[in-house]
Amino acid sequence: MKTIADELHLDVETVRNYFGGANYDRGKSVGIHLEQGPDGGIVELDDTTILDMARDMLSGKKHFAES
C-alpha cells in the first residue's frame, strides 16, 4: 500500500480506504459505492487506478523501486 501511495502521491490511509479501510481522519474517501444484494451485491469504483496498479504489481507487470 505504501508503494502505491508513494507512486500516486496519496496518503497510505487513502489507499487502505480503497481496499476496505475506514480511516477518514488521515485518509480520504476513494469513490467506492457498495450495494448489498443477492450473491454479495454490487461494487462500483469511480476510478480504478489504485486497483489496476495493485493488479499489475501482483502479476509482475509493473515493478517499483523499493522504498
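Predicted, not measured: the structure shown is a model, and the values here were computed from it. Values below: all heavy atoms of this structure, side chains included; hydrogens, waters and symmetry mates excluded.
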key: Sidechain-backbone polar pair: S59 side chain, R55 backbone, donor-acceptor under 3.5 Å   =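 Present.
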Separation of [Y] [atom2] from [X] [atom1] (nearest 0.5 Å):
| X | Y | atom1 | atom2 | result |
| --- | --- | --- | --- | --- |
| L45 | Y18 | CG | OH | 4.0 Å |
| T14 | L8 | OG1 | CG | 10.5 Å |
| M1 | D11 | CE | CG | 12.5 Å |
| N17 | L10 | CG | CG | 11.0 Å |

message = Going by side chain to side chain donor-acceptor pair (under 3.5 Å), name the residues that satisfy it together with D39, two or more places apart in sequence or in a different chain.
response =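 If we apply the side chain to side chain donor-acceptor pair (under 3.5 Å) test to D39, skipping adjacent residues, there are no hits.
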query = With the 4.5 Å side-chain cut-off for hydrophobic clustering, are V43 and V15 part of the same group?
reply =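 Result: yes, single cluster for both.
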ask   = Tell me, which pairs form a side chain to side chain donor-acceptor pair (under 3.5 Å) where one or both residues lie in residues 41-51, sequence neighbours left out?
value =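 Sorted result for residues 41-51: H33-D46, D47-T49, T48-D52.
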query = Stepwise, does the side-chain contact (heavy atoms from CB on, under 4.5 Å) test hold for I4 with M57?
reply = CA-CA 9 Å; I4 293 171; M57 289 172 70; 3.6 Å; yes
